[in-house]
Amino acid sequence: MNNEEILKDILRGTVDVVSREELAKKLSSGKKLRVKLGVDPSSRDLHLGHSVVLDKLRQFQDLGHTAVLIIGDFTAQVGDPSGRDATRPVLDAETVAANAKTYTEQAFKVLDKARTEIRFNSEWLRPFMGDQSGRGSDFILTAKSVTMATLLGREDFKARLEAGSPLSLLEILYPVFQGYDSVAVKADIELGGQDQRLNVLMGRDMQKLNGQEPQVVITLPLLVGTDGVKKMSKSLGNYVAFNDQPNDMFGKLMSLPDELMYSYYELLTTEDLAAVKTAHPMEAKKKLAGLIVARYHGEEQALAARANFEQVFSRKELPEEMESYRVEKAGKLSCLMVACGVAKGMNDARRLIEQGAVRLGGEKVSEDIVFEPKECVLQVGRRQFRKLEK
RNA sequence: GGUUGGGUGACUGAGCGGUCAAAAGUAACGGUCUGUAAAACCGUCGGGCUACGCCCUACGAAGGUUCGAAUCCUUCCCCAACCA
């Protein structure tokens, strides 16, 4: 048989091939091909339905290729949902093992044993799914008992689905993983933000499933971010970090809208809210900022941050400390601004000058003058200061 | 694998042969105001220049058509929805 005849033979009785070109190429390459067929040992017997594909596999064997028969002993425990309108009964490991044995025996009624490689997919799927015991994957037992209705009942998932926006499998599975964590650590109580409610509740289900006493779930209100609108989160960039510098932290807190300040008091401090509300808003906010800075940086730093804020923003004076920059030689102010990092580029520098944002030694500069090296303070906007040195 | 719709500046998102460095909104920045780095209002918002103009780089990638392309064609890469 020539290549063309072989190809024709292979194609006979097929419905679809993707792609013919590639098939032809492989067949004519002269290589010994590895042809895979997977079957889940979900019943005792192979039947004629199987024989169609097994025959085709045999055809390849007769051409000298290797049949790789995959016995889906692991996937049989999952249950292939294809074309099913109800969840398949999941088989236990014993039945699967027994079925697998008869499968291989029966398969050799069609296949050439010498050219067949038999593999069980539990070999790799079991470690993949974290089933060390071999007694059945915890993941599967867990995932099986959680219905899509539960998972998709979540407002956020539902909304995304209805809007036709992407929702990945992993995201859907996420609550399951999180719930399983509770089983692993035998949690008695789990805390979480309000938005975590469903995830955390999942832990209870998972625990019950595993014969554990379900954890107590405690959810907490969400802190609104510094933008005053959305919840505080790293990805939204509206957060105050533990590691923020004292002055920054103080400043961010002072920038909160007044209304938001009270919820911060409530959620972050033990202060008496009623008393706070009688105080002057700015005083109250400074106190809040001070309390929080003190918690992360100490009392002393908190006082310094407050002093700095009052000095720079309330009295519009120069801060105690500022970065210094040595000016080597005379040059355009715009160049200098770029060089010492207060402007992103020349255009930006010129723009800032035009907009009246630049001060030299306290005097507003409205033109891109030539700067002669001297000691003075360069201020850009309200927040950026540079101590210029010769 | 098939069908359909897409990939545009920090983000969302218009534009679909010239008037496009690209609408609008958000964010950011500057100014005014203020007890605040809030709100409100005004302005700026690719890079550069010997600067009411000029140059360079940009609309997934690479080619092509055209006097002229984010816009049309080809190939490729990537994403999504739906189908199977």
Side-chain angles (χ1 to χ4, degrees), chain A residues 14-23 80-85 157 159-171 224-230 232-240 244-265 276-290 292-293 305-317 319 331-335 337-339 341-359 364-368 370 378-385:
Chain A
T14 63
V15 173
D16 192 20
V17 177
V18 181
S19 66
R20 279 174 192 236
E21 291 76 359
E22 290 171 27
L23 174 62
D80 180 2
S82 307
R84 292 252 166 175
D85 57 6
F157 282 175
R160 280 164 69 180
L161 230 42
E162 276 164 16
S165 54
L167 178 60
S168 80
L169 177 60
L170 207 58
E171 287 174 291
V224 175
T226 53
D227 59 355
V229 182
K230 300 193 183 108
M232 185 177 284
S233 85
K234 198 165 180 181
S235 55
L236 293 171
N238 60 355
Y239 63 102
V240 178
D244 279 341
Q245 289 305 303
N247 285 346
D248 262 6
M249 192 180 259
F250 199 96
K252 281 186 187 177
L253 291 164
M254 286 307 287
S255 79
L256 293 175
D258 287 356
E259 317 82 72
L260 196 57
M261 154 172 84
Y262 300 110
S263 100
Y264 273 52
Y265 258 112
V276 168
K277 282 187 174 165
T278 61
H280 186 286
M282 186 175 73
E283 214 21 72
K285 206 186 284 181
K286 281 182 183 172
K287 185 176 175 186
L288 171 71
I292 293 173
V293 173
R306 177 177 178 132
N308 177 73
F309 183 85
E310 288 169 347
Q311 187 168 14
V312 176
F313 298 108
S314 302
R315 280 181 263 123
K316 300 201 187 338
E317 294 170 357
K332 285 204 159 185
L333 180 59
S334 52
C335 297
M337 286 167 66
V338 175
V342 292
K344 278 180 287 192
M346 294 298 284
N347 281 339
D348 191 36
R350 292 196 189 97
R351 222 175 277 134
L352 287 164
I353 294 169
E354 267 171 40
Q355 294 182 139
V358 181
R359 284 167 186 274
K364 191 175 273 185
V365 184
S366 50
E367 264 179 85
D368 194 1
V370 171
L378 170 66
Q379 179 177 2
V380 176
R382 276 166 292 183
R383 283 183 267 176
Q384 301 204 81
F385 299 89

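Here the structure is a predicted model, which means the values were calculated and not measured. Lettering of chains follows the sequences in order, A, B, ..., and the numbering in each one begins at 1. In what follows, every heavy atom counts, from backbone to side chain, and hydrogens, waters and symmetry copies are set aside.
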Inter-nucleotide [atom1] distance ([N], [M]), Å rounded:
N	M	atom1	value
B:C79	B:G25	P	33 Å
B:A58	B:U4	C1'	29 Å
B:U8	B:A61	C1'	15 Å
B:G15	B:G7	P	10 Å
B:A14	B:G9	P	13 Å
B:G46	B:A84	C1'	46 Å
B:A10	B:C59	C1'	15 Å
B:C45	B:G30	P	15 Å

Is [X] touching bases, backbone alone, or none of the nucleic acid, heavy atoms closer than 4.0 Å?
X	result
A:G251	base
A:N247	base
A:M346	sugar-phosphate

Which nucleotide in the list [options] gets nearest to the side chain of [X]?
X	options	result
A:F313	B:A37, B:G47, B:C49	B:A37
A:L352	B:G31, B:G48, B:C29	B:C29
A:S255	B:G35, B:A37, B:A51	B:A37
A:R383	B:U44, B:G47, B:G30	B:G30
A:H280	B:G35, B:G47, B:G48	B:G35
A:A357	B:G35, B:G30, B:G47	B:G30

When you measure from the side chain of [X] to the backbone of [Y], do you find a donor-acceptor pair of N or O atoms at a distance under 3.5 Å?
X	Y	answer
A:K252	A:Y239	yes
A:Y265	A:A284	yes
A:E317	A:P319	no
A:K286	A:R306	no

- Task: May I ask you to verify if any side-chain N or O of A:R382 is less than 4.0 angstrom from the OP1 or OP2 atom of B:U36?
- Result: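 Result: no.
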- Under-4.0 Å side-chain N/O to phosphate OP1/OP2 contact, A:R350 with B:U44: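 False: A:R350 side-chain N/O out of range (4.0 Å or more) of B:U44 OP1/OP2.
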Could you check how far [atom1] of [X] sits from [atom2] of [N], rounded to whole Å?
X	N	atom1	atom2	value
A:M282	B:A39	CE	C1'	17 Å
A:E354	B:G31	CD	C1'	13 Å
A:L256	B:A37	CG	C1'	10 Å
A:I353	B:U44	CD1	P	17 Å
A:Q355	B:C42	CD	P	15 Å
A:K344	B:G9	NZ	C1'	13 Å
A:R306	B:U36	CZ	C1'	12 Å
A:N238	B:A38	CG	P	15 Å

Are there any protein N/O atoms within less than 3.5 Å of an N/O atom in nucleotides 53-57 of chain B, and if so, which ones and at what distance?
none

- Message: Give me syn or anti for B:C52, where syn covers glycosidic angles within 90 degrees of 0.
- Response: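 This nucleotide is in syn.
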- Query: Do A:L260 and A:S263 come within less than 4.5 Å of each other through their side chains, counting heavy atoms only?
  - Reply: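 A:L260 vs A:S263: side chains touch.
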- Task: Answer yes or no: is there a side-chain heavy-atom contact under 4.5 Å between A:K285 and A:L253?
- Result: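 The answer is no; the side chains never approach within 4.5 Å.
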Exercise: identify the closest heavy-atom pair between [X] and [Y]:
X	Y	value
A:A343	A:L352	CB-CD1, 4.2 Å
A:I353	A:S366	CG2-C, 3.7 Å
A:K332	A:D368	CD-OD2, 3.8 Å

- Query: A:D348 or A:K364: which one's nearest nucleotide on RNA chain B is closer to the 5' end?
  - Reply: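 That would be A:K364.
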- Task: With RNA chain B as reference, determine whether A:G381 or A:G345 sits nearer its 5' end, using the nearest nucleotide of each.
- Result: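 Closer to the 5' end of RNA chain B: A:G381.
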- Task: Could you tell me whether the side chain of A:D258 has a donor or acceptor atom within less than 3.5 Å of a complementary atom in the base of B:G35?
- Result: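 Side chain to base: pair found, below 3.5 Å.
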- A:R350: what forms a salt bridge (Lys or Arg N to Asp or Glu O under 4.0 Å) with it, not counting sequence neighbours?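 A:R350 satisfies salt bridge (Lys or Arg N to Asp or Glu O under 4.0 Å) with no other residue.
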- Item | Full working for side-chain contact (heavy atoms from CB on, under 4.5 Å) between A:M337 and A:M346 | CA-CA 8 Å; A:M337 286 167 66; A:M346 294 298 284; over 6 Å; no
- Task: Would you please enumerate the stems RNA chain B participates in, each stem being three or more consecutive Watson-Crick or G-U wobble pairs with both distances under 3.5 Å?
- Result: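 Correct response: B:1-7 with B:77-83, B:10-12 with B:24-26, B:28-32 with B:40-44, B:46-49 with B:53-56, B:60-64 with B:72-76.
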- Query: Are A:F250 and A:N308 close enough, and set up right, to give a side-chain contact (heavy atoms from CB on, under 4.5 Å), and what steps lead you there?
  - Reply: CA-CA 9 Å; A:F250 199 96; A:N308 177 73; over 6 Å; no
